[in-house]
Each structure stands twice: as structure tokens, then as C-alpha cells.
Amino acid sequence: MTAEQTEISRGARAAGRARSSARRVTVPVILYGVLAVLILLPVALVVISAFSTSTPRPGNIDLFNLTLKNFATLLGPGVRGAAVNSLIVGVGSSLLALAVGAFLAFVAARTNAPARRFLYFVGLVPMFLPSYVGALAWSLLAGPNAGLLNILARDLGVPAIADIFNITGLVFVLGIYYAPYAFLLIHSSLSLMNPDLEEAARVHGSSPRTVLRKITFPLSLPAILGAAILIFTLTVENFPVAQIIGNAGRVDTLPTYIYRLMNAAPARGNEAAAVAIALVVIVLIVTAIQRRIVSKRTYTTVSGKGLRLTPVNLGWFRIPSLVIGCVYFVLSTVLPMLALLFVTIHESPYVNTVLGAFSSDALGFGAFIEALSNDVVLRATVNSIVVAIAAALIGTFLSFIVSYLVNRTTLPGRNGLGYISMLPLAVPSIVLGLGLLWTWLMLPLPVYGTLLVLIIAFIAAQMPQGYQGASSSILQIHRDLEDSAVMHGASRMRAIWKVTVPLLRVPLTSTFLLLLMLSMRELTVPLFLFTTDTRLISIVIFDDFENGILQRSAATSLLYCVVIFVLAYVARRFGADPRNTR
């Protein structure tokens, strides 16, 4: 080889290294830009607005006239009352959900109770009934004046028996619909527990009750605390249930207070941002406390041995445990669905008698058919399907790219991509929705008022679930399979497409179906982003109830539940893990 050829070869190698180095920097930069617009900018705008005198708008972000006056709202009686109510609701509903979920998990996973498969189903099925649909159904069931249970009591000649429109009713509804989160986490912990410690305690003379108190339940503490923090976070930030139940009972929480500030005339966006920061701080403090408690002890009990857990003999309590599960099933699923169906097929939204309706011609499917053939409902259904499919597809693709870079490469700054992807877990949905509103009003892109802004919002809100799903799948595939393809001459991109992606077909399909289901359920994030032409089916249900269009709201809720159950079945069929739900 001549000196000239050698120099050309060196130059080619140097150019190749330069291109490779440029790609190593370019790819993370692009992803940081995408995640910054999706997640960081909305959160930053909420923080900036809390310290500004005006809310972000096209061509203007006020970074110079900073003030603390917006935080004076936090000292007012309205915010103080809403904060106290939020804490009561969060703690109360978490305790109720933990009690129900932990009981069902223990009975289904570790005892000799009858019909344990049915009890597992009972613990899981309310997760696929959106909590605000459950709140709507319970408002129809237990309203103090026109609730179906109270009307039925009047038919039977007894006094009214229920009033859901108070803080106790709010705790009850949130507790029963978030119990499945506790059930799944605690059931998994109890099922995977190594039995050696329990057997050792029994050999040394401990009674079954002592084993449970000293061994089983303490080892489940991480799952119990994790479920408690998750439920507390979700219930404190829950807007629709608090609005449906609390508004009628004049019970404000921080999310409903933020909503009222944004819907005031004129809108009080800066004060809403200050309250939103207070809500985020509460969530972060509680999460930090939970991590501190768990980090002090070691809870590892799963080994490589086969697990044969000895069932706990409930004795005389076997049948009562099944009865308790059935009562929960009736309260969380059967009664709400029957209430929605009854209101839908009743000839009038105003019910004077429950028993009399069955002995007259008051029932029929005319209103049901009319409601479901309504142009508003049909358009909202199409919008929901389009937005959900698009958000799930793009979200799965973006999550896979970010997860691959974090877990499979040595690119600079890759870990930061993972942290940003998980950030929406710490930001309440109503806060993220507020920030997304200001982001897409400010950016010079014609996105606001279209379905595209809803797709973007869902991708941002569900990035943690997508990232977790993709990461857990990638970590299960050994990188040697992909590297061997590269060693045999394939480019890295070709190796990913031909080796890694086919191996991840099922888990990535599961992630897609999970994001699809979450998009269909979502109400709070698009609350500030929809317009008349871009309403989703969840928004139609909420708006119809707020405006007193009860029959259409009930009929749409039934349709909604059918779609959610189908998606849940498909997701489970393909292996989606509902424990990743937000």
C-alpha cells in the first residue's frame, strides 16, 4: 500500500470515527429536546407562572417581574380547607383501599378460602372501571334526594339510607376503586415470599397468628408501603371523583380548587400554579418518607428455590372471607353497573320509584339507543379511538428508543433520559395538564385545538408506564444476541430491527395495549386541552353529568366500560401487566 493510500485509509477511519462520535452526541440531544418539550417545559411553565404576574402566552414569558404574591393564596381559607380535605381524603381512602386490597390479597394468595380464583377476579376487576364512572354511578345510587338506594328505601317504607355527597362518601368511592392497586402489589409480594422463614418459625413452636404477625406481614412491608404511597398520590391528585362527589357536597380538594381558579372569570392561572406547586410538594414529601422507611431494612426473601407456600387455615372464617369479597364486588362493580343500566333504560332521567318501574312501561332501550347514536357521542368515541391508538403507538416507539439508549448503550447523558421519562409520576395529572395548556398556547405551532395536542398530552402523561414496560422487557433480552449479529456484519440498526425487536414483540405489544387502555381512561390531563370538536368520550361523560344530562352520561359510561373491559382482556391476553397503571 502506497503512502497516499495509507493516508486516505487513515482519513476514512478518522471520518468514520467523527461520524460515529457525532451520532453519539446527536441522538441523546434530539431525545432530550423531545422530552424537554413533552415533560420539562410544561412543568417549568407551571413553576414560572407561580412566581410571575402573568401566565405564559404566545411570544411572552415573564421571567423578570417575579413575585411571591401568588403564594398568598395558600394562606387563604379556601386553600387551607382544600389542603386539609385533600389530606383527609388521601389518608382515609388509602387506609380503606389498603384494608380491602390487603385482605383480598392475603385471602386469595395465602389461605384455604373457597373460590380463591373468584376472589382474585374480585380484587382486580374494579381497576378496569374508571374511578369517575364509579363516582358517577354512586352519585346516582346514593344521592340524598334522588339516589336510587334512597328511592328504593322509600318504596319499602323506610327512611333514606345513604348520602354520598360528603367527605366520607368521597373517601368511600376513592377507597373502593383504588383498592385493586393495593391488591395487586400485596398479592404479588405474598405469592413470591420464600416459605423458609415461616417454616422455621413454625418448627420453633410459633402459632399461625404469630407467624403472620412476626414474619409474613413485616416482610410484605415494602409492598404495603408502596401501595399506600401510590394510592395516596393517586387519590390526592384525583380530580374527577372529587369534582363529581365533592362539588355537590361543597367539599373542595386541591385539584378541584385549581380547576375552579382556572375556570374563574378572569382565569387566575398564576394562583392556580402556586396551588399546583403545593400539591406537587405534598406528593414528593410523602414519597420521600416512604423511601426512607423502606431503605432502613432489608426485605429480600426470594431465592432460587421453588416456592411452596403453606396455605393458612382460616377455620370458621373461610365462608365469612368469601362473603366479604362478595360484598366488595357488589359495592364496587355490581351495584354501579346496575345503576347505570337502570338510569339508561328508564323512560325519564327522573326516577320516582324503583319497584314501580318494573311493573309499568317505564323501562325500554329507546333512550339507550338514542344516546349512543348521538352525534356528540359518536364523534367523541372516534376521537378517543384515534387519540388512544396514536398515543399508544408513538408512546411505545418513543419509550423503546429511550429505554434502549438507557439500558443498552454508553451514550453520554443517557441516565438523564430515564429520570425525565419518570418525572410525570411525581407530577399530578391536573398540574401536567395545566403546564401542557400553556406550552402549546405559547409555542408557535398550530397544535392547540386539534387532536394532535391530546395525543402529545397522553404521550407525556404515560411516558413512565411506557418506559417501565420497555425497560423491563429489554433487560430480559441478553445483549449477546444482538452483538453477535453485529459481529457477523449487520449494522447496529439492522441488528436491533432483525433481532431485538422480534424478541420483544409480545412485551412491546403489551406496552402498546397498556398505553391504549390508559389513554381511553384518561380524563384529567386533557381537561384544559379539549375543544368542542376534540372532545373525548371521557370528557363527554364528565360534561354530561355536570350539565345534568344523566341518561346520556349513564349510557356513554356503559359503552365506555365495555370498551375498557375489552381492552383489559386483550392486554391481559397479550401479557400486559396492570400493576404499571398510573
### Query
Hey, is the main chain of Phe530 close enough, under 3.5 Å, to the side chain of Arg535 for a donor-acceptor pair?
no

## Note on the structure
Output for pair (Ile229 CD1, Tyr181 OH), nearest 0.5 Å, gives 16.0 Å

### Message
Going by side chain to side chain donor-acceptor pair (under 3.5 Å), name the residues that satisfy it together with Tyr257, two or more places apart in sequence or in a different chain.
### Response
none

### Message
Keeping Ser139 on the side-chain end and Leu136 on the backbone end, is there a donor-acceptor pair under 3.5 Å?
### Response
yes

#### Entry: Closest approach of Ile430 to Pro255 (non-hydrogen atoms, all atoms of both residues)
CD1-O, 3.3 Å

#### Entry: Asn352 atom CG: more than 12 heavy-atom contacts under 6.0 Å
no

### Query
Going by heavy atoms in the side chains, are Ile167 and Asn85 under 4.5 Å from each other?
yes

### Query
Checking side-chain contact (heavy atoms from CB on, under 4.5 Å) for the pair Glu522/Ser538: CA distance, chi angles, key distance, verdict?
CA-CA 7 Å; Glu522 186 58 59; Ser538 57; 5.9 Å; no

### Task
Looking only at non-hydrogen atoms, find the nearest pair between Met337 and Leu129 and report the distance.
SD-CD1, 4.0 Å

#### Entry: Qualifying residues under ring pair (Phe, Tyr, Trp, His ring centres under 6.0 Å), relative to Tyr328, sequence neighbours excluded
none

### Query
Quick one: side chain to side chain donor-acceptor pair (under 3.5 Å) partners of Gln243, sequence neighbours excluded?
Glu546

### Query
Could you give all pairs that pass the side-chain hydrogen bond (donor to acceptor under 3.5 Å, both in side chains) test and reach residues 152-172, with sequence neighbours left out?
Asp155-Thr353

### Message
How long is the straight-line distance from OG1 of Thr524 back to CD1 of Ile539, given to the nearest 0.5 Å?
### Response
8.5 Å

### Message
Looking at every non-hydrogen atom in both residues, tell me the closest pair between Phe329 and Val125 and how far apart they are.
### Response
CE1-CG1, 4.0 Å

### Task
Check for a donor-acceptor pair, side chain of Tyr177 on one end and backbone N or O of Pro130 on the other, with a separation under 3.5 Å.
no

### Task
Could you tell me the separation between the CG atom of Leu434 and the CE atom of Met262, rounded to the nearest 0.5 Å?
5.0 Å

### Query
Do side-chain atoms of Gln551 reach the backbone of His346 as a donor and acceptor pair under 3.5 angstrom?
yes

### Message
Tell me if the centroids of the rings in Phe239 and Tyr132 come within less than 6.0 Å of each other.
### Response
no

### Message
Tell me whether Asn150 contacts the main-chain N or O of Ile161 through its side chain, where contact means a donor paired with an acceptor under 3.5 Å.
### Response
yes

### Message
Tell me the closest heavy-atom pair linking Ser93 and Leu174, and the distance in Å.
### Response
CB-CB, 3.8 Å

### Summary
Sorted by chain and residue number, the ring pair (Phe, Tyr, Trp, His ring centres under 6.0 Å) partners of Phe458 (sequence neighbours excluded) come out as none

### Neighbour count above 12 (heavy atom, 6.0 Å) for Phe365 CZ
no

### Query
If you take all heavy atoms of Gly269 and Trp438, which pair is closest and at what distance?
O-CH2, 3.5 Å

### Query
Has the side chain of Asp544 got a donor or acceptor atom that lies under 3.5 Å from a matching backbone atom of Ile549?
no

### Euclidean distance, Gln462 CD relative to Gln468 CD, rounded to 0.5 Å
12.5 Å

#### Entry: Test item: Ile245 and Phe172 side chains (from C-beta on) under 4.5 Å apart, heavy atoms
no

### Query
What's the verdict on side-chain contact (heavy atoms from CB on, under 4.5 Å) for Ile277 and Phe71, showing C-alpha distance, side-chain angles and the deciding distance?
CA-CA 10 Å; Ile277 288 179; Phe71 290 92; 4.3 Å; yes

### Query
Can you tell me if Asn383 uses its side chain to pair, donor with acceptor, with the backbone of Asp533 under 3.5 Å?
yes

### Task
On the 0 to 90° scale, with breaks at 30° and 60°, tag the Tyr259-Phe542 ring pair as parallel, tilted or perpendicular.
perpendicular

### Query
Would a 4.5 Å heavy-atom cut-off, applied to side chains only, mark Leu148 and Val343 as touching?
yes

### Atom pair CG/CG of Asn247 and Asp252 - distance to nearest 0.5 Å
8.0 Å

### Residues Ile389, Leu516; criterion side-chain contact (heavy atoms from CB on, under 4.5 Å); working and verdict
CA-CA 6 Å; Ile389 292 176; Leu516 180 69; 3.8 Å; yes

### Task
Taking the side chain as every heavy atom from C-beta outward, state whether Val236 and Val89 have any pair of such atoms under 4.5 Å apart.
no

### Query
Heavy atoms, side chains only, cut-off 4.5 Å: are Val107 and Phe317 in contact?
no

### Query
If we only count heavy atoms from C-beta on, is the Leu170 to Ile88 side-chain gap below 4.5 Å?
no

### Summary
Heavy-atom nearest pair, Ile244 first then Phe545, reads CG2-CE2, 3.4 Å

### Task
Could you go through the side-chain contact (heavy atoms from CB on, under 4.5 Å) check for Leu184 and Tyr120 one step at a time?
CA-CA 9 Å; Leu184 280 169; Tyr120 183 87; 4.2 Å; yes

### Query
So, Thr333 side chain and Val330 main chain: donor-acceptor pair closer than 3.5 Å or not?
no

### Query
Of Val43, Leu279, Val46, which is the lone residue that meets side chain to side chain contact (heavy atoms under 4.5 Å, CB included) with Val427?
Val43

### Query
Okay, side chain of Trp138, backbone of Leu331: is any donor-acceptor separation there less than 3.5 Å?
yes

### Query
Should Trp440 and Leu529 count as side-chain neighbours, where that means a heavy-atom distance under 4.5 Å?
no

### Any residue meeting side chain to side chain donor-acceptor pair (under 3.5 Å) with Ser384, in chain and number order, not counting sequence neighbours
none

### Query
Once you round to the nearest 0.5 Å, how far does CG of Leu340 lie from CG of Leu335?
11.0 Å

### Query
Distance-only, no hydrogens or angles: does the Asn70 side chain make a donor-acceptor pair with backbone N or O of Ala50 under 3.5 Å?
yes

### Query
Is the shortest heavy-atom distance from the side chain of Asn238 to the side chain of Leu234 under 4.5 Å?
no

